[in-house]
Amino acid sequence: MDTVGITVQKRASELEQMAEVLIIGEQLRLRLHEEKLVKDRRHHLKTYPNCFVAKEVIDWLIERKEASDRDTAIKLMQIMNDNSIIHHVCDEYKEFKDLKIFYRFRKDDGTLPLDQEVKVFMRGQRLYEKIMNSENTLLQAREEDGIKYERTFVASEFIDWLIQEQEAKTRMEAEQLCRRLLEHAIIQHVANKRHFLDSELLYQFRLNFRRRRRVMELLNERSQRMGESHDSPFCLRKQSHDKSTSFLSVSPTKEIKIVSAVRRSSMSSTNSGGYFANSVTLSSSPPVVMCNPKSVLKRPVTLDELLAPGAPYTRKTLTIVSDAVGWGFVVRGNKPCHIQAVDPSGPAAAAGMKICQFVVSVNGLSVLHCDFRTVSNLILTGPRTIVMEVMEELNS
């Protein structure tokens with residue numbers, strides 16, 4: 001069998017870090033466009049299209065709790081600058097300045113360097129979205145060597161699909177494409193032991209393009225970066241069984257607690273994850289990440305207890321409109337599901353969502369007897385605006 005060598009694994013890990021920077025940069029670009037921070041601006045009788053003011057973005061990052069202070073915000077934007085995500089409109093500054101000067105996303109002016117790594121990343125992202133937006137049974141829960149993995153595809157079936165979708169002309173061409181995707185950390189063997197082969201082996205998407213990233217993740221080393229929980233309501237794969245996790249779980253009214261993180265490179269049995277997110281297309285401080293790997297519920301609550309006459313719970317209806325990145329919350333649990341985490345700067349928090357609320361219905365459909373995966377699929381396949389009925393404890 002064609003195994004994955006140490007050199008390939010190391011290179012894939014490095015490219016995965018590059019891909020994370022690209023994804024975070026693109027999510028930030030969309031958010032700044034949506035909030036009108038990116039726009040045409042004039043200076044000395046000259047118009048600079050699609051640019052933002054450095055000082056305004058620093059203010060925005062702090063207001064959205066994406067950075068704790070100005071120094072941290074500058075470091076985040078400097079990482080964007082160093083990775084050719086943004087640049088000064090006249091390329092006069094190599095360092096990101098907290099001043100009233102103009103910067104621009106390279107994707108907005110067509111100067112994003114399209115080297116081989118970026119091209120493979122963009123190809124992988126397009127294939128990922130093509131699969132997720134089509135009605136096929138390619139991704140399923142399957143077993144290999146006695147272990148069950150979620151959201152897997154069979155190598156030979158994936159090659160059939162690539163040819164059917166005219167992504168490749170021959171099986172050999174399709175196999176070579178998949179080998180490049182694996183070497184660039186887009187896909188991986190479920191046990192991370194085999195290179196890609198046109199066979200009955202199982203593979204998964206290694207990158208979760210739909211997870212809502214926090215800009216602060218740019219300061220984290222990969223081994224300490226917020227994990228790719230593909231068992232989350234909006235995430236799509238199950239990786240290894242590493243039990244150490246990193247997680248954010250806050251209510252809209254609480255401060256985010258910054259703590260040291262432990263390794264979270266895969267989905268674990270604790271089921272921690274990212275935020276509900278739509279897809280997007282394209283350091284010197286200590287690594288930090290927001291953590292809470294366990295359920296936020298003080299104790300388990302049964303469905304009978306929740307619906308009992310006189311139970312100390314009140315119902316609320318929340319209307320949540322996705323922004324350019326997503327809705328900004330995490331669902332967990334089973335009969336009933338509960339809100340495990342809320343992004344304090346996301347649409348869900350603005351609509352009044354809080355942790356520990358129980359999900360009653362989504363867009364008029366009762367989900368009280370569903371597990372969080374079913375609720376996840378319902379939200380992901382629905383419209384951008386979701387109406388959720390929730391129950392929360394009185395005086396919570």
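The first residue in the sequence is number 1, and the count goes up from there.
Contact of the Met353 side chain with the Ile320 side chain is registered, since non-hydrogen atoms from C-beta on lie closer than 4.5 Å. Val342 places none of its side-chain heavy atoms less than 4.5 Å from the side chain of Lys354.
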| request: For the pair Arg211 and Glu217, evaluate salt bridge (Lys or Arg N to Asp or Glu O under 4.0 Å) and give the outcome as yes or no after the intermediate values. | output: CA-CA 12 Å; Arg211 177 172 70 81; Glu217 292 181 54; 3.0 Å; yes
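A salt bridge links Glu95 with Lys97; the closest basic N to acidic carboxylate O contact falls under 4.0 Å. Glu66 and Lys75 are not joined by a salt bridge, as no carboxylate oxygen comes within less than 4.0 angstrom of a charged side-chain nitrogen. In this structure, Arg126 pairs ionically with Glu167, as a charged nitrogen and a carboxylate oxygen lie closer than 4.0 Å. A salt bridge links Arg41 to Glu56: at least one charged side-chain nitrogen sits closer than 4.0 Å to a carboxylate oxygen. Checked for salt-bridge contact, Arg171 and Asp160 meet the test: a charged N lies under 4.0 Å from a carboxylate O. Comment: Arg180 does not engage Glu117 in a salt bridge, judged by the lack of any side-chain N to carboxylate O separation of less than 4.0 angstrom.
Ring centroid separation for the pair Phe209 and Phe121 comes in under the 6.0 Å cut-off.
The nearest pair of heavy atoms linking Ile86 to Asn81 is O-OD1, 3.4 Å.
The one candidate from Arg70, Arg64, Lys100 that meets the salt bridge (Lys or Arg N to Asp or Glu O under 4.0 Å) condition with Asp59 is Arg70.
Under 3.5 Å, the side chains of Glu183 and His195 contain a donor-acceptor pair of N or O atoms.
Between His88 and Tyr103, the ring planes lie perpendicular to each other; the angle is over 60°, past the 30° to 60° tilted range.
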